[in-house]
Every structure is written in structure tokens, then in C-alpha cells.
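Working notes, structure below.
This chain uses plain numbering: 1 for the first residue, then up along the sequence.
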Amino acid sequence: MRQTKSGRLLQGLMLGGLITLSACASDELADTIITNASIYGHDTADSLAIRDGKIVEIGSKARVMEYASPRTQLLDLQGAFLMPGFIDNHNHVFEAASDIGSDCLLDKDKDLNAYIRRLRSCKAGLAPDEWLLGYGHELAVLLSDDKTSPLQLLDELFPDNPVIIMEQTSHSMWVNSRALAKAGINAQSQDPQGGKYLKDMQSGELLGVLLDNAGDRLMELAWLAQPNLRQANYRGLMNGLAEAAAHGITTIGDGRLYWKRGWLDTWLEAEQKGELSARVSLRPWVYPDVDPAEQLAFFAKIHSDDTNRRLLINQVKLYSDGIIVNGTASTLAPYDWSYTPELPYGLEYIAADKMAWWLTELDKLGFGAHIHAIGDAGVRNTLNAIATLRARGVSRPYGMTHLEMIDKADIQRFAQLDVDADFQLGSDYIAAQDHSWAEPFIGKNRAHALLPINPVFESGANVTLSSDWNVNDINPLVGIANAVYLQQAGLGDVHAAIAAYTINAARALGIETITGSLSLGKSADLVVLERDITHLAPEQIANTKILMTLLEGEVVFDTDN
């Protein structure tokens, strides 16, 4: 028996002690019984029984205790709030907590001089030709000095080491000449599909900034060059999963599986060791510039619909376009201004006329898709491709994430085509409805219309919320709080916000019959909160403490341990 610091009581029932067994329940005795809880969606119940990882009863304590045996574990929540475990539909859990990429962190620095000071401090101890992988620059800061190019700056600081610094959004990489040389990139190199090498407008020389897929390719080279890669990958994954469990997340929609970096092997190792503390839908990345036949052959080998596993591999991740602040989101009207005036409408990762082909070939292998689409052209092109599949009777889950620009003519199509709409509301500027950051690129009118979450929600589409960790805070309660704070500009009320982080997300992953709500027969994927968030103000919701997380009835996080 143990009494936790927060007052919860976990004990085994002793034979002849606390309860009398009921004959009617003898065939379905519980492994765990949770009592004295405020249970979301079950106002008249205070207890829940779990057997073999599934919920077998929800009701009064007297009723639920009929499922007890001498071996049943009793968990007394003493009035805490019990709800379905959170489902984060877009989370980069693999790399967000990894040591790889964190050699030099610039995300707290806000000017170029601060970058330089930080980089100098990161130089200490580097061996000749050793890679430096950093994170956190902002493109606007990096390109603020018209006298010294970003390439020259890094070359002066690191003449003997290849360097790559990932932008906060991951959509650009800042590199030096040593890194470019290792990748065989020079001023005459052709831009890869879905990417762009930034060049000086007058001289045509490289600036050391690689946008979107151009940067991803070089980062892959740098990642694979890291020492003790297998151990580093595994350590990063375990750190990420622990962080997710600590925030009540029991299911994760993987933001992107870079399978050419060996990441799948790491996931499979964790599964084999029984160390997965979340159910995860892995989404292997569709490389824009790699032979489709090679990719499809690999996808066919790894596909899995087996819901008895904690790993599902039945969706892929595609990018339609880039992002607004880099001028790479694909837009219907030209940018007012961008870093790449030669790309007035942004760029496409997967060409618009190839998206339906990819979805068709993936469907033959049993894959749905989770698709990055930010610009209004990227959104429309993706909807058009999905419409082609729907017209053929294909009913697989298709979802779009990072939705920022949606033309009014396309709002209703999400519901009409049964396309899941995934939004991230974890930033302060979103809660403030301040999109001034976008005005230089797309003007006030288009900026004002960004993030039309409520019109999409009101259309009847399946709307999900996610973190995009580590771009945003991993805490689901922050996104839920902001959705409530937005009121009619958001999802209307707290219950809709909770659904977006639970049952709606389960539907987007095709597992709504397994998890996402507190229902008999569903997996006991649960989170315990210190208080009922349905009666709190937004700032109180965001600051609510998570006490415990259970996956399939197993405690994977306890605040007292």
C-alpha cells in the first residue's frame, strides 16, 4: 500500500478485506479500479474499472467495486478530474527532445550580435571537421545585415567545421561552406524539388541559407554523420516520450518520420523492448526528390494496420508547400514581398499535378495521408487531389495540418470531402489574434483572414488540435485554453476543444473505436488532472496540473514519482 504526496491512494485489495465479490461480475474482474473521481462525460459516475487494458465499467463506486478481486489495484483520486488521454495529432516527438541538433541553441537570442556571441561559446571543444548542429535562428534576424552574408559570418566563425543551424520552424537551414562542400552544393547547383538555395541578387553567390527541402537534404547528411547515432536516437526518443506522458498525451500522430535517418529502427527497438509509453501513428516522410518507386517499395514493407501494436504505420506525411514567413507557402495570389521574388507564388514540395498520383499509389498500399498545407494554393491543390480519391470511393483518413490560409471557396470542402483539419493554437500571438507578422508578406487583408478555425469547425469538418512540438508548447492544456479564449473565433467552448484533442484526433488517426473517449470496451488511455477544466477560465486551464497518465491501464506518468 502506498499513499502518494498528492493524497491519492493506490493499494491492492486484501482477501476477506474491503469488498465482497459479486457473482455477476466474476467473469470480468478488474485489474485496476479508479474511485472518487470526477469523470468527464459521466456526470453521475465516480468510478471506473479496467481489465486487460480496457474500460469494463463506469459508474458508481458501489457498482464498479463489484468488479474487484483480491488482486485488483485500487486508485483513489480523491476528487481529481479523470478524462480521456490527450491525442496530439501532430507532434515531432522523435527529434524535439533529442540531443542531436542541440549543440548550439539560438532560440532565446533575438539579434544577430547575440547569435554571434552564442556561436562563439558553442565553438569550444569542437574537434577539426566535427559537425556543429544547432537550432533556433529566425530568418528575418539572419538576413538583417546587408554587409555580411550569413555564409560569410559562419565561415569566419567556423573555418574548420561543417555547421548547420535549423530555423525555429525547421523550414530553413543556416550553413557554412564546409557543410555545403560535404553536400556537393555550389552556386551552380539546381534547386531541388520543394527547396531553394538563397543567393545574392547581384552576384548570384550562395548566402548560406537553404529553404525547405534544400535544407532538409543537408540536415539528413549531418544527422547521419553524428557519433553513436543509434544510442543518441534512442535517448532522444525516450526523452520525447517521457515529456509527452508528463503532459497527459497517450496517443501521438507523428509529425514526420525521416526513415532515411534510421528513425524507424529506433521506434521498432522501443516497441521490441516494451518501452513505448504512448500509442503512435508513425507517418513516414514522402521525400519530394527521391525516386517514387524506391519510396513506395519501402512503404509497402513497413505498412501495419495492427491495432494490437502500439505502433501504427498506415499514414504517410506529405508536404504540399512551405511557410508564409519564408515566402515558400504556395499562394493563389503573389506575395506582397518575400525573400525569393523569383518565387512570387511560393513553392510546391509535391507538385500539384502529382499529389493525386501519390495518394492513389499510397492508397493501393493501404496508406492514408497527413498533409502539410499552409498557403491557400497549397490547401486547394491538396483538396483537389483528395477529391479525386473520394470520387473513386476511397474512404481512408486524409488530414491537413498547419492550416493558415484557406480561400473562402474551400472552407466547406473539408466537411464535404471528409478531410480532417488540424490546427495549432499553442502560441500567444494566436490567442491574441495578432497576425501582424504576416502583413509584410501577404498584406493586411490576407493576414487578417488567417487561421479560420471557426468557419472550418462550423462547416461540420472534423477539427483537431495539436502541438507541433517543439515549435509550440507540448502541453495540450495550452491549446485547449487558447481555443476557449478565442471564443467564437475558436471552437466555441471547452467541450469542443477537448474533443479536438481527444475523440476528433482519434478519428483522424482511424482509431476512434479504440481510444479517444471514456467508453466501455475502449482502451484505458487516461489522464488525471488536479481539477475539472470544464469550469475554469482559460488561464486556469493552461495552468492546471497533470497528476497521472495511463496508457492501456498502465501508469506511464505519475507526478509523485
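Using a 4.5 Å heavy-atom threshold, the side chains of Val325 and Leu139 count as separate. Proximity of Lys317 to His372: side-chain heavy atoms (C-beta onward) are separated by under 4.5 Å at one or more points. Using a 4.5 Å heavy-atom cutoff, the side chains of Ser170 and Arg256 are in contact. For the pair Leu237/Trp267, a side-chain contact is recorded, criterion being any heavy-atom separation below 4.5 Å from C-beta on. By the 4.5 Å heavy-atom criterion applied to side chains, Asp558 and Met548 are counted as neighbours. Between Tyr135 and Asn470, the closest side-chain pair of non-hydrogen atoms falls below 4.5 Å. A heavy-atom distance below 4.5 Å is found between the side chains of Glu530 and Thr544. Counting only heavy atoms from C-beta outward, the side chains of Val463 and Val456 approach each other to under 4.5 Å.
From Asp46, atom CG reaches atom CG of Asn36 across 6.0 Å, with rounding to the nearest 0.5 Å. Annotation: the span from Leu48 atom CG to Ile33 atom CD1 amounts to 9.5 Å, rounded to 0.5 Å. Within the model, atoms OG of Ser98 and CG of Asn233 stand 6.5 Å from one another, a figure rounded to the nearest 0.5 Å. Separating the OH atom in Tyr485 from the CG atom in Asn482 is a distance of 9.0 Å, to the nearest 0.5 Å. Remark: Ile533 CD1 to His535 NE2 distance equals 10.5 Å, nearest 0.5 Å. The CG atom of Leu509 sits 6.5 Å away from the CD1 atom of Ile87 when rounded to the nearest 0.5 Å.
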TODO: Evaluate the criterion salt bridge (Lys or Arg N to Asp or Glu O under 4.0 Å) for residue pair Asp407 and Arg413; output intermediate values, then yes/no.
DONE: CA-CA 11 Å; Asp407 190 84; Arg413 299 180 73 194; over 6 Å; no
Open item on the list: Go through it in stages, so that I can follow the logic: the residues are Lys110 and Glu138, the test is salt bridge (Lys or Arg N to Asp or Glu O under 4.0 Å), and I'd like the CA-CA distance, side-chain angles, deciding distance and then a yes or no.
Closed with: CA-CA 8 Å; Lys110 299 302 178 186; Glu138 294 181 28; 3.3 Å; yes
- [ ] Take Phe557 and Val527 through the side chain to side chain contact (heavy atoms under 4.5 Å, CB included) test and state the conclusion after the steps.
- [x] CA-CA 9 Å; Phe557 169 76; Val527 59; over 6 Å; no
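If you check the side chains of Thr328 and Asp212, you find a donor sitting under 3.5 Å from an acceptor. For Gln424 and Thr401, the side-chain atoms include at least one donor-acceptor pair closer than 3.5 Å. Side-chain contact annotation: Thr464 with Asn504, donor-acceptor N/O pair under 3.5 Å absent. Residues His90 and Asp468 bring a donor and an acceptor atom of their side chains to less than 3.5 Å of each other. With no hydrogens or angles considered, no side-chain donor-acceptor pair links Asn89 and Ser466 at under 3.5 Å.
Aromatic rings from Tyr40 and His495 are positioned such that their centres are separated by under 6.0 Å.
Between Leu241 and Ala278, the shortest heavy-atom contact is CD2-CB, 4.2 Å.
Look at Arg507 and Asp418 and you find a salt bridge, because one of the NZ, NE, NH1 or NH2 atoms lies within 4.0 Å of a carboxylate O, short of that distance. With respect to Asp376 and Arg446, no salt bridge is recorded, no charged nitrogen being found less than 4.0 Å from a carboxylate O.
Using modelled atom types, no side-chain atom of Arg51 and backbone atom of Tyr67 make a donor-acceptor pair closer than 3.5 Å.
Looking at Trp469, Trp285, Trp263 one by one, the single match for ring pair (Phe, Tyr, Trp, His ring centres under 6.0 Å) with Phe94 turns out to be Trp263. The salt bridge (Lys or Arg N to Asp or Glu O under 4.0 Å) test with Arg310 singles out one residue from Glu275, Glu552, Glu271, and that residue is Glu552.
Note on ring orientation: taking the six-membered ring where Trp is involved, the planes of Phe86 and Tyr501 are perpendicular (angle over 60°, cut-offs 30° and 60°).
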